[in-house]
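Just follow the structure's listing: the first ligand is 1, and inside any ligand the first atom is 1. Each residue takes its place number in the sequence, starting with 1.
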Amino acid sequence: MTVAEVGVARGVSAEAGRRRTFAVISHPDAGKSTLTEALALHAAAINQAGAVHGKAGRRGVTSDWMAMEKDRGISITSAALKFDYDGHVLNLLDTPGHADFSEDTYRVLEAVDCAIMLLDSAKGLEPQTLKLFDVCRSRHVPVVTFVNKWDRPGREPLELLDEIEQRIGLRPTPVNWPVGIAGDFRGLIERSSGVYTAYTRTPGGASRALEEVFDDAGALAREGTVYEAAAEEVALLSEIGADLDMPSFLAGESSPVLFGAALPNFGVRRLLDAMCALAPAPLPRASAAGDPRPVDAPFSGLVFKVQANMNPAHRDRVAFVRVCSGRFERGMVLTHAATGRPFATKYAQEMFGAERETLDVAFPGDVIGLVNATALRPGDTLYAEVPVEFPPIPSFAPEHFAVVRCKDAGKFKQFRRGIDQLDTEGVVQVLSSDLRGDQAPVLAAVGPLQFDVVLHRLEHEFGAKSELSHLDFELARLTDAGGQEALKGLRGCEVLTRRLDGALLALFADKWRLNAIARDHPTVTLEPLLAGTVAA
Ligand code: G4P
């Protein structure tokens, strides 16, 4: 029997039960790429660190599109990784690290069942971690915390726990506890069993650390006073009731905490075990009408990301679909809920970082890459047999606005095609009005780097070199036809139509202008959009 046949024989509920679909959220430089590689490495999915993100000097993705990402040292593209571990199937969805792409991150978080909040032990909670955590909270995504870089000097573990509790109101419940201060890391005490694992760096390689297991007496004999100090802290944790509590974890109120260091592979395997044991398997997903679709219902999936040009060998466009229910089989004809049109899935693929393989069968929690799915947009639903439509993924409030124009009038057709595609992919929001016309649409972004992506792609992918003129607007509010009429011609304000969904967005120069106009026109609808920026 092939692996796919085993899956078919096993049934959808059992397969869904084996899945853990999660993302790592962190501030840039906390070690997300390193941890992703270490997790996959431990799961023996890859035998050489570096296949995931293709950082300089490592094996990996090399498209010219990625060149921009490499130059800037940031991760723009999202990849999905799938690996088997200990009887489970783990789907690790990558999130872009940079705040300017938080809208992409939000979409990815729509597709996961759990998140790992990765902290740098020296820095604790950083602005981007806070912001992403807020998204998890709003979506009720359970969060496991991994305190990384324990091999380097850092802060006190109790102080870090306190920060988590005080600043984000998440009750930390340590699963293990470090022996030796950050920078002089010796090993981890497993709180539930008291077993001590000592770690030793493997000479010459970051691929594996040496792990030795001791009981209490053995640990004391080996580590002496540092072990005693850690054991006292562990006793204190139990006294203050910081014990693992599944219901509050699943409700997003407490967070299991694990310590370690991704680079030398300390505690990474323990994190994998924790994800299998603690993270929830796929659950029924509520439709827009509020009805939960059971995981063993006929196939349904949510498009959470559309990405073009991921690899020079495959210059195409991939829609990433999270399977929500049922068994997916390549070749099945699905219905695109937004249009009611049939959708063929002959070219389904599985993503493995930059690599792809044809995918034949998938189950709830898995990610399917549908190639050249031009009609699909983030937030779309695909289903088989029994109709369903999941709630749309909300757009973030844009805070940067610019007019984009093609530099070469002869390339206008390519320019327009490019703008349409980037809009559909959700790279940027495209706004228009009769007044401005097709030649000069307005781009609206959460972060200015989105504009750079647009210019880069218009030039290199569509052959339409373009330029931007920034507009003096900072805020957007949703309005309606009445608002459009009432706000016409007012200084420091303009109403434009968002092409994607036809929503009317009123743009304002700043919050004072907005407040003044709202005061003068109290009956005008001015609804806030989902905040893209959460104060640190
Ligand atoms: P990111 O994706 O979150 O941005 O972080 P990334 O993994 O690129 O890690 C950022 C830096 O932190 C890297 O060093 C990486 O080697 C280091 N790092 C990650 N985990 C650990 C850890 O557990 N211990 C220690 N000591 N360092 C860690 P870099 O010098 O900026 O880059 P590189 O040249 O090593 O790639």
Side-chain angles (χ1 to χ4, degrees), residues 22-42 46 48-61 66 69-81 92-102 104-105 108 115-133 145-155 157 160 176 178 180-188 197 199-211 257-272 353-354 449:
F22 60 99
V24 179
I25 58 169
S26 68
H27 194 82
D29 262 1
K32 185 157 62 75
S33 318
T34 311
L35 180 70
T36 303
E37 287 165 7
L39 287 169
L41 190 79
H42 265 288
I46 54 173
Q48 180 195 354
V52 181
H53 286 263
K55 284 214 165 185
R58 303 179 195 164
R59 185 167 72 86
V61 281
M66 301 284 173
E69 171 178 41
K70 257 191 206 159
D71 289 349
R72 293 168 179 274
I74 52 172
S75 170
I76 296 171
T77 50
S78 280
L81 269 179
L92 170 48
L93 276 51
D94 190 19
T95 52
H98 200 284
D100 282 13
F101 302 105
S102 44
D104 285 344
T105 304
V108 173
I116 296 176
M117 177 164 78
L118 179 69
L119 305 182
D120 181 327
S121 63
K123 298 186 175 150
L125 292 167
E126 297 177 81
Q128 182 70 355
T129 338
L130 289 167
K131 180 173 162 175
L132 293 170
F133 171 74
T145 304
F146 187 73
V147 185
N148 191 30
K149 304 196 187 182
W150 210 257
D151 60 318
R152 287 214 306 219
R155 288 163 50 184
L160 285 165
N176 57 22
I181 54 165
D184 179 26
F185 179 61
R186 310 285 183 87
L188 294 166
T197 305
Y199 290 92
T200 314
R201 227 178 250 266
T202 343
S207 56
R208 237 172 249 305
L210 186 66
E211 296 184 10
V257 181
L258 294 99
F259 293 84
L263 191 62
N265 279 272
F266 296 163
V268 172
R269 191 160 58 83
R270 185 63 196 92
L271 178 62
L272 275 175
L449 274 178

Exercise. Under 30°, 30 to 60°, or over 60°: which ring-plane class applies to F185 and Y199, parallel, tilted or perpendicular?
Worked result: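 Taking Y199 first and then F185, their aromatic rings lie parallel (interplane angle under 30°).
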Is the backbone N or O of [Y] less than 3.5 Å from a side-chain atom of [X], with the two atoms forming a donor-acceptor pair by type?
X: D120; Y: N148; result: no
X: H27; Y: Q128; result: yes
X: T36; Y: K32; result: yes
X: T34; Y: A262; result: no

Please work out whether any backbone atom (N, CA, C, O) or any side-chain heavy atom from C-beta onward of [X] is under 4.0 Å from ligand 1, and answer side chain, backbone, both or neither.
X: K149; result: both
X: S33; result: both
X: P28; result: backbone
X: D29; result: both

Exercise. Can you check whether A262 has an N/O within less than 3.5 Å of an N/O in ligand 1?
Worked result: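 Yes, A262 has an N/O under 3.5 Å of an N/O on ligand 1.
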Provide the number and element of each atom of ligand 1 under 4.0 Å from a heavy atom of [X].
X: K32; result: 1 (P), 2 (O), 3 (O), 5 (O), 7 (O)
X: G31; result: 1 (P), 3 (O), 5 (O), 6 (P), 7 (O), 9 (O), 19 (C)
X: A261; result: 23 (O)

Exercise. For R269, does the CZ atom sit with more than 12 other heavy atoms under 6.0 Å from it, leaving out its own atoms?
Worked result: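 No, not enclosed.
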Exercise. Heavy-atom distance to atom 21 (C) of ligand 1: which of T34, L263, V24, L35 wins?
Worked result: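 That would be L263.
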Exercise. Any ion pair linking D151 and K149 (charged N to carboxylate O, less than 4.0 Å)?
Worked result: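 No salt bridge links K149 with D151.
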